[in-house]
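Note that ligands are numbered from 1 as they come in the structure, with each ligand's atoms numbered from 1 the same way. Predicted model only: the values in this text are computed from it and were never measured.
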Amino acid sequence: METVRFDELQLDERILRAVTDMGFEAASPIQAQAIPVQMEGRDVVGQAQTGTGKTAAFGIPLLQKINPDSKKLQAIALCPTRELAIQVAEEIRRLAKYMHGIKVLPIYGGQDIVRQIRGLKDGTQIVIGTPGRVMDHMRRKTIRCDHIHTVIMDEADEMLNMGFLEDMETILSQLPEERQTVMFSATMPVEIQNIARRFQKEPVMVKVVKKELTVPKVTQYYYEVKPKTKVEVMCRLLDMYAPKLSVAFCNTKKQVDELVQDLQGRGYFAEGLHGDLKQMQRDRVMSSFRNGTTEILVATDVAARGIDVDNVEAVFNYDIPQDDEYYVHRIGRTGRAGKDGIAFSLVVGKEVYKLRDIQRYCKTKIIPQAIPSLDDITAIKAEKIMEQVMELINETDLTKTVNFIEKKILEEEECTSLDVAAALLKLAMGEENEDVIDCSRPARSLDDLDRYGRDSRTGRGKGGRGSRDGRYGRYDREDREDMARLFVNIGKNQNIRPGDVLGAVAGESGISGKMVGSIDMYDNYTFVEVPREYADAVLRAMKDVKIKGKNVHVEKANGRGR
Ligand code: AMP
């Protein structure tokens, strides 16, 4: 596993500074490959999904090309959803932190168009937008294409899946001939390959070549967590499994420092290891870990490379690794020298799909688990204390202590010896906390997630084109009370596919495509489920909308069937 440092990539010094501020230690594998090719000016097809560092992979070379002195629009990045457009714009802004005069504007359906027009007139050089809204601005001439030299399609397969193919084609055909065209996609269906053929010039295909990976025999669990509860969940796992030595992996130096601080603040013996440490500090951290004074070593992938410690009992993927190979290296830190090892991965939101891919490529099994509740931990703590108590009873002379307690009980006559034992146990276990994390649901099985991330556990339709019975859906039955059903007055006979409806609902209202529930398509009408709390906003956004050029009317469904 070769590491490419950002300072080897001949980047603008201001971008290097920004990357350092973001805490990136080294280029991720997809960045190491894509950045030089894109910087040469070649067209690129990158196969990578969320979490691999793909945004910076196309964002860094893009920024290298932007002329901050020209206030003309120079680049467009197309994204399938509002959520992603905002995320991409934020990441590019972070990378452009020290490049004064560069303006990045996300534009998407559902947002006030007048505000967007004002933003576009204000010297924006980079637009990150959803296809529908970008086309709208092109039609109004509020987006002018003559100075665009770079176009990026992010999550191209997802745009396809959401029915944006025609929009993408229309946009691409209106851009200047002389341009660089970059496309990133997690998968490469034939339609994506066709776009590459039609709209790119001798594109270079960039993907991380998978090596044959031998996964160590380590029990692997994963937990679906919220960003805010990550530290708490990790602490519960530490309390529950009580590993003597563990290594926790983070993707950035910044995250290493934060996690160390959080763990130390909660009383754990944790130390960090990353590239900013001097050799002397590294040696000190490592020797403290080897002799057990430090119980949790928090490290980046690069820094952990040289570590050779045999008795690591647990590995935590505090951040999901950016590459399958990293995963295998990480979990290989435990289970050495014939000992049992355990690996815990904490997954937030969409990262579950990255973990699913890791499981697939590594041909391993990562088992979903419910987050341990405080009751679980209390029970385990009590059991451990009781084991120590039994040891004391069996191995020491307690006569004096027994006499003391007997005297106390006889004197006070208000409690029994059982009360005293229970109170002492409680004291030994420390404070009780209120359980603020929902521990009732285990994580989903990774095998149940289909390609587009919809949950097939419910047996409901898969996402993607040509889904069974035209049904899309990811929300479980239990969640359906939170969903509102909307009626749309077009269906199969009008040549509409579920993806078109999904694209229109998500694109216009700005809600994420993943939040849209089932789409039941009939000959002349369609029912689509959206989260109840967004139903009115969706209805407002869908007021004067066309789907595939046809006027549609959307209303709340009522009664049976409607
Ligand atoms: P993406 O694949 O673009 O969605 O990126 C996922 C996350 O990885 C984002 O939070 C990025 O800021 C972060 N990231 C991107 N490149 C690196 C890197 N070289 N090292 C560490 N984190 C990175």
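The shortest N/O to N/O separation between T52 and ligand 1 falls below 3.5 Å.
For F6, every heavy-atom contact with ligand 1 shorter than 4.0 Å involves the side chain, none the backbone. By the criterion of a heavy-atom distance under 4.0 Å, the side chain of Q31, and not its backbone, is placed next to ligand 1.
Salt-bridge check for K254 with D276: failed, with every basic side-chain N at 4.0 Å or more from each acidic carboxylate O. Salt bridge absent: D167 and R133 never bring a charged side-chain N and a carboxylate O closer than 4.0 Å. Contact check on E13 versus R17 returns a salt bridge, with a Lys/Arg side-chain nitrogen under 4.0 Å from an Asp/Glu carboxylate oxygen. Using a 4.0 Å cut-off between charged side-chain N and carboxylate O, E351 and K354 make no salt bridge.
Screening R197, E191, R198 for a side chain to side chain donor-acceptor pair (under 3.5 Å) involving N194 leaves a single residue, R197.
Near T252, the atoms of ligand 1 lying under 4.0 angstrom from a non-hydrogen atom of the residue are 21 (C), 22 (N). Those atoms of ligand 1 with a heavy atom of G53 less than 4.0 angstrom away are 1 (P), 2 (O), 3 (O), 5 (O), 15 (C), 16 (N). Listed by atom number, the atoms of ligand 1 under 4.0 Å from T55 heavy atoms are 1 (P), 3 (O), 4 (O).
The residue among C250, G51, S28 with a heavy atom at the shortest distance from atom 4 (O) of ligand 1 is G51. Remark: among candidates A57, A27, A26, the nearest residue to atom 19 (N) of ligand 1 is A26, based on non-hydrogen atoms.
Protein non-hydrogen atoms do reach within 4.0 Å of atom 11 (C) of ligand 1.
For atom 21 (C) of ligand 1, the closest non-hydrogen atom of the protein is N251 O, 3.2 Å. Q322 NE2, 3.2 Å is the protein heavy atom nearest to atom 22 (N) of ligand 1.
Not a single heavy atom of Q87 lies less than 4.0 angstrom from ligand 1.
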Exercise. With salt bridge (charged side-chain N to carboxylate O under 4.0 Å, His left out) as the test, would you mind laying out the steps for D283 and R290 before giving the verdict?
Key: CA-CA 10 Å; D283 292 346; R290 281 209 177 83; over 6 Å; no
Self-check item: Audit row: T50, Y353, side chain to side chain contact (heavy atoms under 4.5 Å, CB included) steps and yes/no
Solution: CA-CA 9 Å; T50 307; Y353 309 116; over 6 Å; no
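At distances below 3.5 Å, not a single donor-acceptor pair connects side-chain atoms of E224 with backbone N or O atoms of G349.
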